[in-house]
Amino acid sequence: MAARSQQLAAALLSLLCGVSCFPLGQETKQTLTCGYESCHATKPNMLNVHLVPHTHDDVGWLKTVDQYYYGDRNDIQHAGVQYILDSVVDQLLKNPDRRFIYVETAFFYRWWKQQSSSMQQTVKQLVNEGRLEFVNGGWCMSDEATTHYSAVIDQMTMGLRFLNETFGPCGRPRVAWHIDPFGHAREHASMFAQMGYDGFFFGRLDYQDRARRMVKREQELLWRASNSLTPPMADLFTGILPNGYNPPEGFCWDQSCDDPPIRDDPDLEDYNVDDVVKRFLTIANSQAMVYKTNHIIMTMGSDFQYENANLWYKNLDKLIRYVNGQQANGSKVNVLYSTPSCYLQELHRANLTWALKTDDFFPYADDAHDFWTGYFTSRPALKRYERISNSNLQTCNQLEILGGPVSRKGPFGDGESQTMKKAMAVAQHHDAVSGTEKQHVANDYARRLANGWQHCQVLVSNSLTALSGSSAKRIYCDNLNISVCPLTESSKKFSVNVYNPLARPVAWPVRLPVNGTSYVVSDAEGKSVDCQVVPVSTSTRDVRRNRGFAVNELLFQVQAPPLGFTTYSVSLLQDGPPPASTQHRTPTAIQNKFIRVTFDPDTGLLSSLSNLETKQTIKLTQNFYWYNASDGNNKESNQPSGAYIFRPNSSTPFIISKTAKTESIQTPVVQEVRQWFAPWVSQVVRLYGDSRALELEWTVGPLPIDDDLGKEVITRLDTSIKTSEYFYTDSNGREMLQRKKDFRPTWNLSQSEPIAGNYYPINSRAFIKDDVDQLTVVTDRSQGGGSLQNGSLEIMLHRRLLYDDVRGVGEPLNESSGVFPEGLVVRGCLRLSLDRPPSAADAHRPLAQQVVLQPLLTFTDGDLHPNTQLEFSGLQAALPPAVHLLTLTQWDKDSVLLRLEHQFQSQESKVNSHPVTVNLQKLFSTLEVLGVSELNLSANQWKDDMTRFHWTPQTDEKPLLKTFRDSSVWEVTLRPMEIRTFLLRVSFR
Ligand SMILES: *[C@@H]1O[C@H](CO)[C@@H](O)[C@H](O)[C@H]1NC(C)=O
Ligand SMILES: *[C@@H]1O[C@H](CO)[C@@H](O)[C@H](O)[C@H]1NC(C)=O
Ligand SMILES: [Zn+2]
């Protein structure tokens, strides 16, 4: 009560003298009443309705992030975030009871930088009093299906760090808020729990699931989001909002809405207070029927609302006054301004038990024929570019530290990695990497990533110069996937620096475009290594066109040290005609010492796969198919396939070709069977000399659309594995989830889309298995996939569609090849490994990490200076196989942020699913670790300060409340699937 009247006095003062004379310099005296303490009182014997004023500001969708910020291009969509924040702050000052939440730090940060210091003080006061509250607080509200956990943790860390540094503890969000993403990943829930959030709210889930939860009052639940982490580490209280994130029907008072305002002067026309109150009470009472407590939440806002916040607040003030006025007449409904955390606090106080959930919320359908499973694959080139950009950013971050302060000198000033960090953070938004934005916005995301990489290249070059002692100009070749690199195409002598961002050594195949026919390649010790020259394939020439002129490719395998580099030098021996040509007959088999694959000589298709070490063999055929996209004109529904939705018009895909024309190359370094299916589909089946995985490098596009039907191209692996309708996909690149055809673990599914309703996001891998065989497919980007027949696994590779799917984007997904007018051509790689089920993770975990964080090649022309240091490792020794170095990045002048991760699930591996201990002082070769503090996962709270609400599940398997202690501050133990975050104070040795 006392706190309340203080607030009132402060607000009155601000009302009287406006913003400019708001008392400054009071920070020392201020009593902080933010967070749970700033919540309005509720009434225990009434139904309390929490009104949450909010705006949903997409970090790019129909307009670019900057266009949204400024309110540019209002012809596309009326939306201007700067005006929203201006207007909301103004309106909050007018009445201390009012509340507002803000979510997307990418926007708030832009706005904050432009404010005067007195405005910044005013806003700080609002935050300190809990009148303006941050929820979620990452740079953006990430997509959950197509994002990799590494990039999600980074973008959350960036946003939350800004909030902490700007506002201190009152800026720390208590609640995660994913009101718009199109389905929800279990790994996201696990991460949010480890970031210290007390609860999580979202808006979208399958319509059947919602219907069931409404009946059973299970729209609020406890999500146990990990099979490996000890409860309650990954437990997250989860609330499903009543109406997506919109206000109840008839109560939208934004300038973009048409609902009637509250007309409360009886002397004027159309007095409607009685009607408004009655409608409101009806809605509130019926909403209360489907939730458990005497508290309900209403989201009063929507996309880009509150640009003229007066409209909303004026009517909300009146709504509260008139509805609560009825309490004098016996009404038992109490309305209040609130926030998600104030609502959550009341749920927590209710001290109930909550339904326990252990699966995820994919796929999402909002109607019987409307499965949002297309975006798992939409914009496959952007999805790959985002993934490789993450790899490059991690390398950039690591080298910034390993190379020391000189790394940061450059034309862009200090903080060369910031641009790339921001570009990656923006790309995690639920309309960015998801592929659900307009074309011009997709181009903007890609441009930002390219620009970020330009900045990082300066840093990487500086760092490599410092570490190698060679100042030779470094050349980057980002188009090796289509055999383009001007330096290697023309140079007679050059060297290749291979930087490995993983904390263990890797072997990696290198493939360089060249024009000579024989080369000598030597490693850092001067020993020559096996290499091979092979002709550039026709399909690569077709994609490359006139962007490069190499006729051959030089192949060799590199071995790179952990968190470090090695250098190979390449000299031309002989120019001349292409090497002995390829064979045009399909070989019956290709094999190395680990793997053997056979081909059907009649069709040219794969016919079997063997693991020669474990002596297992499966039948395996693989081919390409397409689904015709529905065009929205059939009987049950007129929903077409589009950027979000996958809706084939038949459950039987069309085969692109029953046979493949083949040619093959068999050398000691590599064996390839190049398969050609159609002018727009080809593949290379590739086996390197000492690889344990088989590569399927697919090239798909431009998809023909002259039949006026959009196409969605898949590849399907049909095997002899007895899958009994199960298959497995990863969640955001981490834990594996079991999937079953036409089945959901938590409700009795009525299946209405036999293909699209069985698609799931594949982030980095999927597998099928029976008791003896497990086939794992590691992808190089996020894709959608399913298992629709026994033994089969299909993965969608590319989509080209001619209709908009009416979810707002307003464009068909019809990408072209940039400078060329035809449809987009996409190339990617699936890596297959066949193992025994109990130990398969030992193979696919490291394989997937290698694809996510792949070596970076840089080139220098000519001879290297003899004093050049050719090899370097930033580690004293490789980390144990179970430990992944997830983050190593500069934090401030003297400290670095380190995340170590146990990359195995419990019971997944006989050898690796055990706790492992790492000594932080014995990690780095060039850094001395002087001090260490542990943080929560998002690095915005000290681990020891992290206390979360405790929630009780209905079905209590009593959690094993084992407490684990490290043996010393330096010796840290990681348990399966655990990520630990440390701030290390360091100095250079
Ligand atoms: C919550 O409920 C439990 C069991 O019903 C009870 O033991 C406990 O005292 C309650 N806690 C509070 C704060 O009311
Ligand atoms: C939060 O920000 C403050 C002020 O900059 C800083 O002192 C504190 O260390 C930060 N907390 C964390 C956990 O980083
Ligand atoms: Zn959105």
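For ligands, and for the atoms within them, numbers begin at 1 and follow the listed sequence. In this text the structure is predicted, and so the values were computed from the model without any measurement.
Residue Asn940 has no nitrogen or oxygen atom sitting less than 3.5 Å from a nitrogen or oxygen atom of ligand 2, judged on distance alone.
With 3.5 Å as the limit, one finds no donor-acceptor pair spanning the side chains of Asn48 and Tyr343.
In terms of protein heavy-atom proximity, atom 2 (O) of ligand 2 is nearest to Asn164 ND2, 2.4 Å. For atom 1 (C) of ligand 1, the nearest protein heavy atom (residue, atom name, distance) is Asn351 ND2, 1.3 Å. Shortest contact from atom 9 (O) of ligand 2 to any protein heavy atom: Trp942 CZ2, 3.6 Å.
For atom 7 (O) of ligand 1, no protein non-hydrogen atom is found at a distance below 4.0 Å. Within a 4.0 Å radius of atom 12 (C) of ligand 1, the protein contributes at least one heavy atom. For atom 4 (C) of ligand 2, the nearest protein heavy atom lies 4.0 Å away or farther.
Note: Lys63 NZ to His440 NE2 = 9.0 Å, rounded to the nearest 0.5 Å.
Taking backbone and side-chain atoms together, Asp303 has no N/O/S atom less than 2.8 Å away from the Zn ion (ligand 3). Taking 2.8 Å as the criterion, Asp58 counts as a coordinating residue of the Zn ion (ligand 3), since one of its N, O or S atoms falls below it. Distances from the Zn ion (ligand 3) show that His430 has an N/O/S atom below 2.8 Å.
Rounded to the nearest 10 degrees, the angle OD2 (Asp180) to the Zn ion (ligand 3) to NE2 (His56) equals 100°.
Centroid-to-centroid, the aromatic rings of Trp372 and Phe362 stay 6.0 Å apart or farther. Here the two rings, on Phe107 and Tyr109, have centers that are 6.0 Å apart or farther. Remark: aromatic rings of Phe376 and Phe646 are distant, center separation not under 6.0 Å.
Using a 4.5 Å heavy-atom threshold, the side chains of Lys292 and Trp354 count as touching.
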* **Trace of the side-chain contact (heavy atoms from CB on, under 4.5 Å) decision for Asp180 with His56** => CA-CA 8 Å; Asp180 197 23; His56 176 66; 3.2 Å; yes
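Classification of the His188-Phe192 ring pair by plane angle, with boundaries at 30° and 60°, yields perpendicular.
Residue Gln941 touches ligand 2 through its backbone alone, judged by heavy-atom distances below 4.0 Å. Residue contacts with ligand 2, taken as heavy atom pairs separated by less than 4.0 Å, involve Leu935 solely via side-chain atoms from C-beta onward.
For the pair Arg985 and Trp891, the cation-pi criterion (under 6.0 Å, within 45° of the ring axis) is not fulfilled.
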